[in-house]
**Q** 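I'd like to ask some things about the structure below.
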Amino acid sequence: MNILVTGGAGYIGGTLTRLLLSKGHSVTVYDNLCHSKRLAVDEKAEFVEGDIADRALLEKTLRHGRFDGVMHFAALIEAGESMKHPEIYFRNNTAASLTLLEAMLATGHDRLVFSSTAACYGEPESTPIFEDAKLEPTNPYGESKLLVEQMLRWLNLESWA
């Protein structure tokens with residue numbers, strides 16, 4: 001398969017990129033390197049330096065690659081920081097994810113794996129947390145990810161397992 005991994009220079013995205021490559025898949029990493037370095041990208045992966053808020057570059061990348069799917073890991077993840085600067089989290093995690101989704105739809109890509117967070121559940125009533133647990137984020141980070149989950153439901157992108 002040919003996969004686009006947003007945030008592929010980060011810890012989770014980078015780990016997944018290496019796993020996909022080891023299984024014989026083709027991978028293009030799309031990352032703005034705001035919390036990582038180019039050296040973190042596996043040399044066997046294609047690399048596009050870009051922000052997921054850049055719709056023109058996303059569409060160009062998606063059209064060029066004709067990907068079988070997109071795995072979306074590009075996000076800010078500091079819950080504490082999100083309390084001090086919620087606008088940054090809503091801009092980066094929510095609004096920029098919408099830009100990615102719009103670019104996917106505009107280029108005929110409808111298969112997505114979205115990296116969400118347990119922070120969508122806030123303080124869980126029990127553990128382990130099941131997917132039908134009450135969604136009640138206690139910080140802007142969790143809320144920013146939950147908003148993307150809600151957009152995915154409305155946009156009817158195919159879930160990919």
**Q** For the residue pair Y141 and Y89, categorise the inter-ring angle as parallel (less than 30°), tilted (30 to 60°) or perpendicular (more than 60°).
**A**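 If you compare the ring of Y141 with that of Y89, the planes turn out perpendicular.
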
**Q** Show every side-chain hydrogen bond (donor to acceptor under 3.5 Å, both in side chains) that has at least one partner inside residues 24-42, sequence neighbours left out.
**A** N32-D51

**Q** Just to verify, what does A118 make a side chain to side chain contact (heavy atoms under 4.5 Å, CB included) with, not counting sequence neighbours?
**A**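 I129.
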
**Q** Just to verify, what does F90 make a ring pair (Phe, Tyr, Trp, His ring centres under 6.0 Å) with, not counting sequence neighbours?
**A** none

**Q** Above 12 or not: heavy atoms from other molecules or residues under 6.0 Å from CG of L62?
**A** yes

**Q** Evaluate the side-chain proximity of L20 to V5: yes if any heavy-atom separation is below 4.5 Å, no if none is.
**A**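 They are in contact (side-chain heavy atoms under 4.5 Å apart), so the answer is yes.
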
**Q** So which heavy atom on P140 is nearest to which on S82, and how close?
**A** CG-O, 3.1 Å

**Q** Distance-only check: which donor-acceptor pairs under 3.5 Å involve side-chain atoms of residues 54-61, not counting sequence neighbours?
**A**
residue: D54; atom: OD1; partner: A56; partner atom: N; Å: 3.4
residue: D54; atom: OD1; partner: L57; partner atom: N; Å: 3.0
residue: R55; atom: NE; partner: E59; partner atom: OE2; Å: 2.5
residue: R55; atom: NH2; partner: E59; partner atom: OE2; Å: 3.1
residue: E59; atom: OE1; partner: R63; partner atom: NH1; Å: 3.1
residue: T61; atom: OG1; partner: L57; partner atom: O; Å: 2.8

**Q** Less than 4.5 Å apart, side chain to side chain, heavy atoms only: is that true for L16 and M71?
**A** yes

**Q** For the residue pair A75 and K145, what are the closest heavy atoms and their distance?
**A** CB-NZ, 3.6 Å

**Q** Walk me through it: do R111 and V70 pass the test side chain to side chain contact (heavy atoms under 4.5 Å, CB included)?
**A** CA-CA 6 Å; R111 299 181 79 195; V70 176; over 6 Å; no

**Q** Locate the shortest heavy-atom distance separating G7 from A74; write the atom from each residue and the value.
**A**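 What the structure gives for the nearest pair is N-CB, 3.7 Å.
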
**Q** What's the shortest heavy-atom distance between N139 and A119, and which atoms?
**A**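 For N139 and A119, the tightest heavy-atom pair comes out as OD1-CB, 4.5 Å.
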
**Q** Who passes salt bridge (Lys or Arg N to Asp or Glu O under 4.0 Å) against E136, sequence neighbours left out?
**A**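 Per chain and number, E136 pairs via salt bridge (Lys or Arg N to Asp or Glu O under 4.0 Å) with K134.
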
**Q** Taking the side chain as everything from C-beta on, heavy atoms only, tell me whether V148 gets closer than 4.5 Å to F114.
**A**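 V148 vs F114: side chains touch.
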
**Q** How about CD on E87, more than 12 heavy atoms from neighbouring residues, nucleotides or ligands closer than 6.0 Å, or not?
**A** yes

**Q** How far apart are the closest heavy atoms of A9 and V29, and which atoms are they?
**A** N-CG1, 3.8 Å

**Q** Just to verify, which of L147, T117, L146 counts as forming a side-chain contact (heavy atoms from CB on, under 4.5 Å) with P137?
**A** L146

**Q** Looking at every non-hydrogen atom in both residues, tell me the closest pair between P124 and G122 and how far apart they are.
**A**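 Smallest heavy-atom distance, with atoms named: CD-O, 3.1 Å.
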
**Q** Donor-acceptor pairs are to be reported for all side-chain atoms of residues 91-105 against protein atoms at under 3.5 Å, with residues two or more places apart or in another chain.
**A**
residue: N93; atom: OD1; partner: L76; partner atom: N; Å: 2.8
residue: N93; atom: ND2; partner: L76; partner atom: O; Å: 2.9
residue: N93; atom: ND2; partner: S144; partner atom: OG; Å: 3.2
residue: T94; atom: OG1; partner: S144; partner atom: O; Å: 2.9
residue: S97; atom: OG; partner: H72; partner atom: NE2; Å: 2.8
residue: S97; atom: OG; partner: N93; partner atom: O; Å: 2.6
residue: T99; atom: OG1; partner: A95; partner atom: O; Å: 3.3

